[in-house]
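Note that the numbering runs from 1 along the sequence shown for the chain. Everything numeric in this text was worked out from a predicted model, so none of it was measured.
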Amino acid sequence: MKGEKVILGVFRDITERKKSDNMLQANEERFRTLIDIKKTEAVKAALEERRRIDKIKDEFISTVSHELRTPMTSVREGVSQILEGMLGRINDKQRKFLSMALDDIDRLSRIVHNLLDISRIESGTVLLKKERSDIVSLARRAIASLDLSAKNKGLKLRGVYAEKKIEVYVDRDRIIEVFGNLVDNAVKFTQKGRIEISIQKKKGMVECFVSDTGKGIAKEDIKRTFMRFQQFGRTYGPGEKGTGLGLSIVASIIALHKGKIRVESKVNKGTKIIFTLPEYTPRELFRQYIDDGIKAASLTEEPLSILVYYIKKKMKIAGQKIVPIADKLYELITSSLRRNTDMVVRDTHAVLVMLPATKIGDACIIKERIEKPAEKYLSQKRLDKVIKIGCKATVFPDDGSSADELFDKIKEAVR
């Protein structure tokens with residue numbers, strides 16, 4: 001009608017369109033999920049392939065290195081005998097070339113040793129034989145062995161130590177290897193100036209460094225310093241060569257000691273390599289030994305027996321009188337063990353004995369063999385009325401599958 005307002009409404013059923021939009025969104029999400037899954041699978045496949053290739057490479061290196069050792073030993077022995085005149089007289093020219101050959105054989109032997117070393121370390125089959133050691137004396141041994149090489153290049157090689165004697169629990173041979181590799185590397189790549197070894201105590205650790213005034217390492221290369229087969233600025237022709245494994249071995253040894261390592265360097269200014277080693281309390285040290293022992297035993301699927309001998313006071317006795325008794329106990333235990341794989345580590349009141357691949361029955365036999373001379377010593381010194389040698393025993397995996405479980409069995413013996 002005239003003057004009336006008319007409202008027009010249009011309605012449309014969009015149910016099907018909503019269903020279609022929802023289906024499209026769901027398909028897009030499924031598609032994205034499939035892409036993510038494919039990417040993850042591709043990454044996993046690539047990592048698995050990388051691990052497979054690394055394993056093949058490591059096995060190849062290990063096998064080749066082992067196969068090279070025997071013929072190299074024979075060749076070296078033959079050349080040495082000729083040089084020493086054991087097979088007849090030789091002239092100066094022959095001596096010169098034979099000496100060069102012997103030097104190259106020794107160099108090849110060092111390369112093979114390094115290849116085997118890194119292979120064993122990375123496979124987890126290296127078990128450290130830690131003992132209380134004066135790390136200053138270990139550094140001095142490295143300096144003594146390389147002092148002539150440094151002098152031949154006109155380099156000053158010196159040690160700077162905060163104390164005359166700094167004791168830390170380490171594998172002596174391995175730490176000597178660390179200092180030897182670092183100093184040798186410094187001598188190789190330093191043409192003039194000095195090389196310095198420094199050792200000092202810091203809170204809960206011992207800090208060591210080897211510094212030089214050599215050619216240094218570029219900033220972009222520092223992060224690759226401790227990787228395998230790395231040699232920076234290497235050129236063809238005469239000069240220092242190698243496998244680039246020395247620093248990788250050093251870093252691995254420090255890691256096995258639960259230490260840390262880093263490098264500071266500037267091109268043409270020199271390099272400083274700093275590493276730290278933890279100072280263990282007796283409890284921490286013994287627990288670490290047990291943990292390392294369990295890891296090795298797990299790899300070989302063999303038992304591990306642990307004995308802890310400790311000094312029990314029957315009456316009041318001065319602490320300083322305990323030290324020589326503990327020294328003698330350590331000596332008696334060490335002399336009673338017959339395998340190179342057995343390990344002994346001591347504190348002032350206790351001695352830990354690790355017996356790999358040994359069942360508890362066999363460990364008891366060893367226990368009796370140790371106790372007899374210990375009791376005899378106490379009797380001879382008339383100490384049996386004052387102290388007694390106690391012993392706690394436990395075995396992996398029968399008594400526990402972790403260091404914590406086994407340590408609980410013996411912790412009363414460790415102060």
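Proximity of a side-chain donor or acceptor of Asp134 to a complementary backbone N or O of Ile166 within less than 3.5 Å is detected. With Asn185 contributing its side chain and Asn181 its backbone, the two residues share no donor-acceptor pair below 3.5 Å. Under a 3.5 Å cut-off, the side chain of Ser80 and the backbone N or O of Arg76 do form a donor-acceptor pair. Remark: side-chain polar atoms of Arg141 are not paired, donor with acceptor, to backbone N or O of Phe179 under 3.5 angstrom. Between the Ser298 side chain and the Ala296 main chain, no donor and acceptor come within less than 3.5 Å of each other. Side-chain atoms of Lys153 come within 3.5 Å of backbone N or O of Thr190 as a donor-acceptor pair. Under a 3.5 Å cut-off, the side chain of Ser305 and the backbone N or O of Thr358 do form a donor-acceptor pair. Side chain of Arg369 to main chain of Ser336: a donor-acceptor pair is present (N/O by atom type, distance under 3.5 Å, no hydrogens or angles). Within the 3.5 Å criterion, the main-chain N or O of Lys367 finds a donor-acceptor partner in the side chain of Tyr309. The backbone N or O of Lys219 lies less than 3.5 Å from no partner atom in the side chain of Ser265, so there is not a single donor-acceptor pair.
Minimum interatomic distance between Pro324 and Tyr377 (heavy atoms only, all atoms of both residues): O-OH, 4.4 Å. Residues Leu307 and Ala363 approach most closely at CD1-O, 4.1 Å, considering heavy atoms. Contact record, Ala374 with Leu332: CA-CD1, 3.7 Å, taken as the closest heavy-atom pair. Shown here for Ala186 and Asp212, the closest heavy-atom pair between the two residues is CB-OD2, 3.7 Å. Scanning all heavy atoms of the two residues, the minimum distance from Leu98 to Val79 falls at O-CG1, 3.7 Å. When all heavy atoms of Arg287 and Ala403 are compared, the closest pair comes out as O-CB, 4.2 Å.
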Next on the checklist: Let's go through Lys165 and Glu167 carefully: what are the C-alpha distance in whole Å and the side-chain angles of both, what is the deciding distance for salt bridge (Lys or Arg N to Asp or Glu O under 4.0 Å) to 0.1 Å, and is it a yes or a no?
Outcome noted: CA-CA 6 Å; Lys165 187 175 184 180; Glu167 288 194 330; 3.6 Å; yes
Item to check | Derivation and outcome, salt bridge (Lys or Arg N to Asp or Glu O under 4.0 Å), residues Asp362 and Lys359 | outcome: CA-CA 5 Å; Asp362 295 327; Lys359 295 179 180 179; over 6 Å; no
Next on the checklist: Please determine whether side-chain contact (heavy atoms from CB on, under 4.5 Å) holds for the pair Ile274 and Glu207, giving the CA-CA distance in whole Å, both sets of side-chain angles, and the decisive distance to 0.1 Å.
Outcome noted: CA-CA 7 Å; Ile274 308 105; Glu207 183 184 80; 3.7 Å; yes
Checklist entry - Would Lys96 and Asp92 count as a salt bridge (Lys or Arg N to Asp or Glu O under 4.0 Å) if you check the C-alpha gap in whole Å, the side-chain angles of each, and the deciding distance to 0.1 Å? => result CA-CA 6 Å; Lys96 176 184 175 182; Asp92 291 341; over 6 Å; no
Checklist entry - Where do Met205 and Lys260 land on the side-chain contact (heavy atoms from CB on, under 4.5 Å) test, with the steps shown first? => result CA-CA 10 Å; Met205 67 180 70; Lys260 294 181 179 180; over 6 Å; no
Item to check | Val136 vs Lys164, side-chain contact (heavy atoms from CB on, under 4.5 Å): CA-CA, chis, key distance, verdict | outcome: CA-CA 7 Å; Val136 171; Lys164 289 183 179 180; over 6 Å; no
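Remark: Ile273 CD1 to Ser211 OG distance equals 10.5 Å, nearest 0.5 Å. The distance from the CE atom of Met343 to the CG atom of Leu355 is 9.0 Å, given to the nearest 0.5 Å. Taking CG from Leu83 and OG from Ser99, the interatomic distance works out to 4.5 Å, rounded to the nearest 0.5 Å. With rounding to the nearest 0.5 angstrom, the CG atom of Leu247 is 9.5 Å from the OG1 atom of Thr271. The distance from the CD1 atom of Ile290 to the CG atom of Leu352 is 6.0 Å, given to the nearest 0.5 Å. Between Arg95 atom CZ and Glu84 atom CD the span is 10.0 Å, to the nearest 0.5 Å.
Within 6.0 Å of the CD atom in Glu220, the count of heavy atoms belonging to other residues, nucleotides or ligands exceeds 12. Within a 6.0 Å sphere centred on CG of Asn152, other residues, nucleotides and ligands contribute more than 12 heavy atoms.
Residues Gln200 and Val160 are not in side-chain contact: their nearest non-hydrogen atoms beyond the backbone lie 4.5 Å or more apart. Two residues are said to be in side-chain contact when any heavy atoms from C-beta on lie closer than 4.5 Å; Ile175 and Ser133 fail this criterion. In this structure the side chain of Leu138 reaches within 4.5 angstrom of the side chain of Arg172, judged on heavy atoms. Looking at heavy atoms from C-beta onward, Arg174 lies out of side-chain contact with Leu256 at the 4.5 angstrom threshold. Counting heavy atoms from C-beta on, the side chains of Tyr161 and Arg140 come closer than 4.5 Å. Inter-residue side-chain proximity for Pro356 and Arg339 is flagged as met; some heavy-atom pair is nearer than 4.5 Å. Residues Val353 and Asp342 have side chains not in contact (no heavy-atom distance under 4.5 Å, counting atoms from C-beta outward). Between Met354 and Ile306 the shortest side-chain heavy-atom distance falls below 4.5 Å.
Between the side chains of Glu77 and Gln81, at least one donor N or O lies within less than 3.5 Å of an accepting N or O.
Taking the centre of each ring, Tyr289 and Phe407 stay at or above the 6.0 Å mark.
Considering Val170, Thr276, Val178 as possible partners of His257, the one that fulfils the side-chain contact (heavy atoms from CB on, under 4.5 Å) test is Val170.
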